[in-house]
Colleague: 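Take this structure first; my questions come after.
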Amino acid sequence: MNLQGFTIMIASITIVTSLAIYCIYKLMTSHRYKMKNPPFDVEIT
Amino acid sequence: MHKSSERWASRAGVILVVASSAIGLGNFLRFPGQAVQYGGGAFMVPYILSFILLGLPVCLSEWVMGRMGGKDGHSAPNIFKHFLSGFPLYVTSAIAILIPILIYTYYVFIESWCLTYAVDFLMGTINLHPASAKPGIEYNSAVVATSSNYFTELVGSQKNGSAFNSKIIYFTLFCYFLNFFLIYRGLVKGLEAFAKVAVPVLLVCSFIVLVRVLTLDNIWEGLGKMWNPDWSALLRGQVWLAAAGQIFFSLSVGFGIVLTFSSYLTERDDVVLSGLSAASLNEFVEVVLGGLITIPVGFIFLGASVASYGTFGMGFVALPAVFSLMPLGQIFGAVWFFILFIAAITSSLSMIQPGITFLEEGFNLNKKQAVSILSAFTLSITMSIVYFSKDLSALDQTDFWVGIFFIYVLATIQVLIYGWKIGPALARIESKKGSLMHLPKSFDFIIKYITPALLLIIFAIYAYNDLPTYLLKMSADHMLSIAPAGSVPEDVIMSAHVSKGVFITLLSIFILLIYLSYKSHKWETKK
């Protein structure tokens, strides 16, 4: 594996992992907010 | 039409259901195959651009439109009646219902291959080692040849009807009824509960296999095969087309599935962050797990030839051979094919829901009646696909017409509705309701001009490149040329006519069903 390949691999993994972590972070922090407020219009049947 | 009162139990649930619907065999098999074929690491440039300009806009527009249209119901006609009326409404709704149903009919067959291989590896009943070859490159080639024969016999691709004499038919029926059993349990107890277990299991199993692959000797050479860039590839239009196609199919946009699922959300629920989360989880699995496992492990054991396998060849010929050659391959082979099975079943499961919802809402059926009717209808098509297994021709035809052609049509219609009928300004206001994240301003320009233009260009090129080939395959001359000796020419010509008309006939039937459901309930379409 050459340096360019290694760089692209690390960059690609970083981009998609960062995006996934960012989304999880936003969801989890908002979840706490939503817990103080009604989170969902739950009508389970 | 009555409206189902079901709702998602949690935000995590709907995200996992949509993400697991998108995570499929394409993440583990198609993406690495496309990347290594079209420039290695350089493929990531058009791939990421396509994600931003094509995948995300279509994906987010589906989430927003689904929630907007879900006020009166959750089936495609109920959703699209907010944006269309008359014949365009009937046709668009019919396509949106037909796509997931027809994809299910052949996807469940492929799903059963994964389960069969998982069980075979687990039980040690798969032996791909030739008796008379000596260790070395020739030995590895002999293992691949044995693997190819095993696959051919398993799926019956040597002769029509032979799959019915293989164990694959039992696995197909098992997968078939497992899907309908889970969907019968409902949105929360079936789909959501299963996704909450399946996604973590899939991720844990994938990491186990990933650790094994990354600790193999010569792993850097394998990773180099996948990621070393060939920058000259970026000058080829085909590479950009392949990247756009991969993103499009990977995110499962244009299937009519996200529309249905997001229609169960209310205005107090987020759609933008949920859509982005589902897409990002799919991308994580594709790039990190798909990109680090499949090609590297294949290259280590099979050399440069690993790049020449197609998606099925990679998944069901090359990789079984690789696991047969790998130390502890029996265990890791079982885990790997279990991963593929989980990825496949979470996708196939979600494909049934739009059809069930349509039957429930359109004809006032209860869940049991809807499941019974849809299972009988799809079983008849699945069995036809299993029967016409020679060279997997029926599967290939269905995949092209439904899995490519119809999907592009529906995605283009959806984006045009979002950008030009609803308008980005109103859609933006809708997207902000309950939102935990706002769309950037640039999204309006992209969804209105860039995404439709890209979709139309890709659709035109696909049609130009592949349409003549698939039309030729349906011609009487072609069918006569491949017909077995002793076939009656009149019967073969009749088969050609049937294959030409089958998709148009099915579409017509669904248009009629939607029309009848409207008329019987005296629906008023919203202007």
Side-chain angles (χ1 to χ4, degrees), chain A, chain B residues 4-15 19 35 40-45 47-48 51 186-189 192 219-229 231 264-270 273-288 291-292 296 434-437:
Chain A
M1 186 182 209
N2 61 31
L3 183 62
Q4 284 188 0
F6 180 76
T7 308
I8 292 169
M9 182 180 79
I10 296 298
S12 300
I13 291 171
T14 306
I15 289 169
V16 294
T17 308
S18 303
L19 186 61
I21 290 172
Y22 173 73
C23 289
I24 292 168
Y25 169 76
K26 287 281 283 183
L27 284 167
M28 288 186 73
T29 50
S30 67
H31 181 68
R32 281 200 295 274
Y33 166 75
K34 290 281 179 180
M35 280 293 101
K36 294 173 187 171
N37 302 277
F40 260 97
D41 180 16
V42 181
E43 295 173 33
I44 306 165
T45 57
Chain B
S4 166
S5 58
E6 281 191 303
R7 283 276 179 272
W8 297 109
S10 66
R11 186 183 305 117
V14 63
I15 292 168
F43 183 77
M44 294 310 292
V45 175
Y47 180 83
I48 290 173
F51 177 67
L187 208 62
V188 175
K189 290 181 182 172
E192 193 171 338
I219 184 60
W220 288 105
E221 289 178 30
L223 289 170
K225 180 67 184 172
M226 171 73 196
W227 292 98
N228 285 347
W231 296 114
Y264 287 93
L265 297 171
T266 69
E267 290 184 349
R268 284 194 289 165
D269 303 328
D270 164 83
L273 183 59
S274 299
L276 186 64
S277 300
S280 65
L281 183 55
N282 176 70
E283 288 309 300
F284 174 80
V285 171
E286 181 152 296
V287 174
V288 178
L292 294 182
S435 183
L436 301 169
M437 178 188 276

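Note that these values count all heavy atoms, side chains included, but never hydrogens, waters or copies made by symmetry. As the structure is a prediction and not an experimental result, all values here were calculated from the model.
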Colleague: What's the separation between atom CE in Met44(B) and atom CE in Met9(A), rounded to the nearest 0.5 Å?
Modeller: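 Result: 12.0 Å between the selected atoms.
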
Colleague: If I measure from the heavy atoms of chain A, does Leu292(B) come under 4.5 Å with its side chain, its backbone, both, or neither?
Modeller: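 The answer is the side chain of Leu292(B).
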
Colleague: Select one option (side chain, backbone, both, neither) describing which atoms of Met226(B) are under 4.5 Å from chain A's heavy atoms.
Modeller: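 Neither part.
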
Colleague: Determine whether a donor-acceptor pair (N or O, by modelled atom type, separation under 3.5 Å) exists between the side chain of Asn282(B) and the backbone of Ala19(B).
Modeller: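 Such a contact is absent between Asn282(B) side chain and Ala19(B) backbone.
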
Colleague: Mind ranking Leu276(B), Leu281(B), Val45(B) by heavy-atom pairs under 4.5 Å with chain A and telling me who comes out on top?
Modeller: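 The residue among Leu276(B), Leu281(B), Val45(B) with the greatest pair count is Leu276(B).
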
Colleague: With a 4.5 Å limit on heavy-atom distance, are the side chains of Phe6(A) and Leu223(B) in contact?
Modeller: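 They are not in side-chain contact.
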
Colleague: For Ile15(A), is it the side chain, the backbone, both, or neither that has a heavy atom closer than 4.5 Å to a heavy atom of chain B?
Modeller: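 Just the side chain, heavy atoms under 4.5 Å.
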
Colleague: Give, as side chain, backbone, both or neither, the part of Ile48(B) having an atom under 4.5 angstrom from any heavy atom of chain A.
Modeller: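 The side chain, not the backbone.
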
Colleague: For Phe51(B), is it the side chain, the backbone, both or neither that has a heavy atom under 4.5 Å from a heavy atom of chain A?
Modeller: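 For Phe51(B), side-chain heavy atoms alone lie under 4.5 Å from chain A.
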
Colleague: Side chains of Trp227(B) and Gln4(A): is there a donor and an acceptor less than 3.5 Å apart?
Modeller: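 Short answer, no.
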
Colleague: Are the side chains of Trp220(B) and Lys225(B) in touch, meaning some heavy atoms are under 4.5 Å apart?
Modeller: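 The answer is no; the side chains never approach within 4.5 Å.
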
Colleague: Taking the side chain from Asn228(B) and the backbone from Met1(A), do they hold a donor-acceptor pair closer than 3.5 Å?
Modeller: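 Absent.
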
Colleague: Which one of Gly186(B), Gly224(B), Gly222(B), Ser280(B) has the most heavy-atom pairs closer than 4.5 Å to chain A?
Modeller: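 Counting heavy-atom pairs under 4.5 Å, the top option is Ser280(B).
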
Colleague: Do you know which of Gly41(B), Ala42(B), Ser277(B) has the most heavy-atom pairs under 4.5 Å to chain A?
Modeller: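 Option with the greatest count: Ser277(B).
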
